Amino acid sequence: MGKKRIMLPATEVDLTKVKYNPGEIQAPNVTGLWLWIFVKLLETPLIGPVILSYLKKQNKITEMLKETVIPESPMFTPEFPPQEPEPEPGVVCIEEDKSSQHRVDSAIRCLPHYDPSSDLNLTPSFHYWKIRDYAYSYRSNITTPSIIAEHVISAIQEFSNKKPPIPLLISFDAMDVRKQAAASTQRFYTGTPLSVLDGIFMAIKDDIDCYPHPSKGGTTWFHEVHSVEKDAICVSRLRNCGVIFVGKANMHEFGQGTTGNNSNYGIARNPHDLERYTGGSSSGPAAIVACGICSAALGTDGGALCHGTTMGNVGPIASSVEDIMLVYAAILGASPIDKITLLPSLPCLPDLSSLENSSILSSMRIGKYTEWFNDVLSPDISTKCEDALNTLSQTHGCKVVEVVIPELHQIRTSHLVSFGSESLASLTPHCQNGNDKKFTLDTRTNFALFRSFTASEYVAAQRLRRRLMYYHMEIFKMVDVIVTPTTGTTAPVIRPKSIKFGETNMKVTGNLMRFVISGNLLGLPAISVPVGYDKQGLPIGLQIMGRPWGEATILRLAAAFEGLRVETKKPVSYFNVLNKH
């Protein structure tokens, strides 16, 4: 038994004396036959608990959660202090109770003027087509959703037939896509499109219900115990706007990993380098947008199928900030229970067409924890992010403020125990009759660890959660956002043995998740915006994390970063479905 530690109350921690200590992850890196043997050992009575106890001690989980007195009361769901009653300047408030079409129309009015003569003309540098490019082409009879549908179907089939195959979708029905496209084409023919999203092609991650497709969560069996009888609310709202759904996108099984490795269906490889992971768990949605097949997709953070989780969120993935705004406007809205418990502010979008936009940007205070910001595997990442931040500050006059975030190691531990315990509690009822043995090996590794967490450890993790919320809320009194690189490494290489057996590599996971955990654990809005490439041509992202209900602020800053981006590289695997020759 270790020596008992007593933490100071968070309110008494002297931030000037905080030393940067993210903690090192101690865990085996195994794949192939060795992974199979490792899983068998973890699942063996007597032997498994000994291994897991050792790993928990090595990673200071036991010390943090069992041998430490944490004075804060537990916070089982995010609790935010009262926010400013008045919205920030230069925003458009979205009427949550209006139809999704009405909200999308409101979002359109927030965007800069659309000039088809410049947006649709081919420029020397590569650029992605935006939702408004498709909408203009449909309304001008340049093309139709049915024509684009054939391009999309051809591209999806080409991806699936590549060697090795690149399964972007787990569930795909070409006839259903054609049927949706025909209905959209008819609406344009009669002059009655439902919204600017009518005829826009989107993919839905496989842990979000999208009727009539099954929801497997990346498994081979979950659809047998979970029937899909209707769309998830977010999908229903998009369907009401005329969105065409291409199918259910590939993912890391049940969101239990960060690379997108899925030995059940294959790997949705990175369109920028097919020998590398896209990243996950929303690998399929990200890849299908990056390769140009879909304008947008829905991904998740924390698991949508894991009902009852306090960290599950749905979010849009797109190639531009304006497309994110349009999709977000369609799907936004708090559930009745969240309106009671979270007291959300009125949803708002930044008015990017306003003359006030420049002056608002100049008043922004951007928080940066330099030691954390620079803790990346490749210096290219921090350099590109730093360059983007400096350019923004010089162009718009934003002020960069140095901040300190204590207890980063505790953030990771609290997130691991919270996510793991909630996932296990949600899925255990379905894991009867040997279903738990049908999971991939890396998922079984995770679940073995999750089963070792005790009730007291879960409660201790929620005590840490309250401390971490306090620190972040104090920081947001000084700054409007916190910026970091999105990941601590660029896309990892796919090891050949991992294709068939999967892999467990917690150090890679730690590098990929280093900066994104806080937002997920604490329920804070965040967005990733591309800022450049490393020396191997792999994309680098900058994360902007805002205060509670600060979506308008992070979207405004994301648009500003996007406007200053010098280069967008065409992925190795890209399909120009709007202008196919």
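A quick note: this is a predicted structure, and the numbers were derived from the prediction, not measured.
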Which pair of heavy atoms, one from R451 and one from L424, lies closest together, and at what distance?
CG-CD2, 3.5 Å
Without swapping roles, check the side chain of H472 against the backbone of L468 for a donor-acceptor pair under 3.5 Å.
yes
Tell me whether K438 at atom NZ has more than 12 heavy atoms from other residues, nucleotides or ligands lying less than 6.0 Å away.
yes
So, S418 versus R465: side-chain donor-acceptor pair below 3.5 Å or not?
no
CG of N240 to CG of L197: how many Å apart, nearest 0.5 Å?
11.0 Å
Under the criterion salt bridge (Lys or Arg N to Asp or Glu O under 4.0 Å), I'd like the reasoning laid out for E96 against R103: C-alpha separation, chi angles, the key distance, then a yes or no.
CA-CA 8 Å; E96 191 176 334; R103 295 196 300 271; over 6 Å; no
Give the minimum heavy-atom separation between P485 and V376, together with the two atoms involved.
CG-CG1, 4.1 Å
Okay, side chain of R444, backbone of F439: is any donor-acceptor separation there less than 3.5 Å?
no
How far does CZ of F453 sit from CD1 of I61, to the nearest 0.5 angstrom?
5.0 Å
Rounded to the nearest 0.5 Å, how far does OG of S171 lie from CG of N250?
11.5 Å
If you draw a 6.0 Å radius around OH in Y211, do more than 12 non-hydrogen atoms from other residues or ligands fall strictly inside?
no
Quick one: sort the H415 and F419 rings into parallel, tilted or perpendicular, breaks at 30° and 60°.
parallel
Under a 3.5 Å cutoff, is there a donor and acceptor pairing between the side chains of T62 and K56?
no
Heavy-atom side-chain contact between D436 and L427 under 4.5 Å:
no
Please walk me through it: do R132 and E322 pass side chain to side chain contact (heavy atoms under 4.5 Å, CB included)?
CA-CA 9 Å; R132 289 196 288 178; E322 73 168 58; 3.0 Å; yes
With under 30° as parallel and over 60° as perpendicular, where do the rings of W372 and F515 fit, or are they tilted in between?
tilted
Pair E253, T443: side-chain N/O donor-acceptor within cut-off below 3.5 Å:
yes
Output a table of donor-acceptor pairs, distance under 3.5 Å, between side-chain atoms of residues 104-111 and any protein atom two or more places apart or on a different chain; print 'none' if there are none.
| unit_1 | atom_1 | unit_2 | atom_2 | d |
| --- | --- | --- | --- | --- |
| S106 | OG | H102 | O | 3.2 |
| S106 | OG | R109 | NH2 | 3.3 |

Once the angle between the rings of F222 and H226 is folded into 0 to 90°, is it parallel (under 30°), tilted (30 to 60°) or perpendicular (over 60°)?
parallel
So which heavy atom on P347 is nearest to which on L332, and how close?
CG-CD1, 3.9 Å
To check you understand the geometry: which heavy-atom pair defines the closest contact between I317 and P285, and what is its length?
CD1-CB, 3.9 Å
Looking only at atom types and distance, does a side-chain atom of K248 sit under 3.5 Å from a main-chain N or O of P214, one as donor and one as acceptor?
yes
Check against side chain to side chain contact (heavy atoms under 4.5 Å, CB included), V516 and Q543:
CA-CA 8 Å; V516 302; Q543 177 182 251; 3.5 Å; yes
Under 3.5 Å, is there a donor-acceptor pair between the H213 and D206 side chains?
no
So, D351 versus S353: side-chain donor-acceptor pair below 3.5 Å or not?
yes
Find out whether the Lys NZ or Arg CZ of K368 is both under 6.0 angstrom from the six-membered ring centre of F373 and within 45° of the ring's axis.
yes
